[in-house]
Amino acid sequence: MTDHEHALSGAYAVDALDAEERARFEAHLRECRDCQEEVASLQEAAALLGTDPVEPPASVRDAVLASIQSIRPLPPIVETPAAVPAEVDQLAERRARRGLVHRLTRTPLLVAAAVVLLLAVGTALVRPWTGDDTANEPPTAADRVLSAADATEVAQAFPDGSKATLVVSRSQGKAVIRTRHMALPPSGKTYQLWLQSPAGEMVPAGLMPEEADTTYVLDGDASKATGVGITVEPDGGSDHPTSKPIALFPLEA
């Protein structure tokens, strides 16, 4: 029996053969244990596709589409006499390739990808794919502030070339600070944010992340704040400012 009959196992598993090919393959299947195991494995994988849908991440779709052009389907491994070195080498190569497919089928998220690769000889499996999953994610608190109709912006540049921009939305009751190329605080220190109340009191509003470029939503209600300050405080922050602000953003009432 030639490799052609072995290569029909994938199409047979999903009922994609015509009557003549099916009859010829079933005659071969009764005598070929390798094909029997291959068909059983593929039918089990195909059955999983009919269960509750499992949406693979976008990275899986991209990897499958990129691999289809470079990975060709292979027939199941058939025992080969050890006395023929060239055929042994071919058998080892085929087993290595099949190992890749078997690893893909070990997780439910990649079952669809494995079946597509096995049936690339002409059997097409069509399954709807959504786009970027992040498009359906709700907006974050920072997104809501930055996109608010009443958002106002105040920026301040520092002598070293870094920049901090404060965006406040009264309707959202929140303020967001964005930094670019911000120098890190000294060792043992941290940048602390403050909301200035109408009475002039500085209320703690969180510790800035120790990152040069960051977007951070301040703690507390900013709906009536008259300003936002940044001070350098000991690690862990302070209840009240212990140093002169390195930046003070006045906000319109």
Side-chain angles (χ1 to χ4, degrees), residues 52-63 107-109 129-253:
D52 293 338
V54 178
E55 192 62 47
S59 59
V60 174
R61 174 180 180 271
D62 294 341
T107 60
L109 290 176
W129 298 83
T130 59
D132 187 356
D133 291 341
T134 59
N136 298 323
E137 293 180 358
T140 64
D143 293 334
R144 291 194 294 270
V145 172
L146 297 175
S147 62
D150 65 340
T152 57
E153 183 177 298
V154 183
Q156 180 169 330
F158 297 93
D160 63 359
S162 59
K163 181 180 179 181
T165 302
L166 185 84
V167 181
V168 62
S169 168
R170 303 297 189 178
S171 64
Q172 294 291 326
K174 286 294 183 181
V176 172
I177 190 165
R178 296 184 295 178
T179 62
R180 294 294 179 269
H181 310 299
M182 189 82 172
L184 298 181
S187 177
K189 301 289 185 178
T190 187
Y191 292 134
Q192 186 164 356
L193 296 160
W194 308 87
L195 287 172
Q196 187 177 40
S197 71
E201 180 185 5
M202 301 301 283
V203 180
L207 305 179
M208 288 177 56
E210 293 191 3
E211 300 174 359
D213 300 332
T214 189
T215 298
Y216 181 78
V217 180
L218 277 67
D219 298 338
D221 184 1
S223 60
K224 296 181 180 179
T226 59
V228 170
I230 305 175
T231 63
V232 179
E233 302 293 334
D235 277 342
S238 304
D239 293 332
H240 303 282
T242 63
S243 62
K244 184 178 178 180
I246 62 171
L248 186 61
F249 303 88
L251 301 177
E252 295 181 0

Please list, chain by chain and in numerical order, all residues satisfying side chain to side chain donor-acceptor pair (under 3.5 Å) with [X], sequence neighbours excluded.
| X | answer |
| --- | --- |
| T190 | none |
| D219 | none |
| S238 | E233 |

### Message
To check you understand the geometry: which heavy-atom pair defines the closest contact between A222 and A175, and what is its length?
### Response
CB-N, 3.9 Å
Measure the [atom1]-[atom2] distance between [X] and [Y] for me, rounded to the nearest 0.5 Å.
| X | Y | atom1 | atom2 | result |
| --- | --- | --- | --- | --- |
| L193 | Y216 | CG | OH | 6.5 Å |
| Y191 | T179 | OH | OG1 | 9.5 Å |
| W194 | H240 | CH2 | NE2 | 7.5 Å |
| K174 | S223 | NZ | OG | 10.0 Å |
| E153 | L146 | CD | CG | 8.5 Å |

### Query
Please walk me through it: do V228 and L195 pass side chain to side chain contact (heavy atoms under 4.5 Å, CB included)?
CA-CA 5 Å; V228 170; L195 287 172; 3.7 Å; yes
### Query
Has the side chain of T231 got a donor or acceptor atom that lies under 3.5 Å from a matching backbone atom of P241?
no
### Query
So does D239 have more than 12 non-hydrogen atoms from other groups sitting under 6.0 Å from CG?
no
### Task
Determine whether L251 and R170 make a side-chain contact, defined as any pair of heavy atoms from C-beta on separated by less than 4.5 Å.
yes
### Message
Between P245 and I230, is there a side-chain heavy-atom distance shorter than 4.5 Å?
### Response
no
Quick one: side chains of residues 202-213, donor-acceptor pairs under 3.5 Å with protein atoms, not counting sequence neighbours, listed by atom name and distance.
unit_1: D213; atom_1: OD1; unit_2: H181; atom_2: N; d: 2.6

## Note on the structure
Residues at least two apart in sequence or cross-chain that pass side-chain contact (heavy atoms from CB on, under 4.5 Å) with D143, listed by chain then number, are P139, T140
Listing, residues 159-168 side-chain donor-acceptor contacts under 3.5 Å, not counting sequence neighbours, or none:
unit_1: D160; atom_1: OD1; unit_2: S162; atom_2: N; d: 3.0
unit_1: D160; atom_1: OD1; unit_2: S162; atom_2: OG; d: 2.6

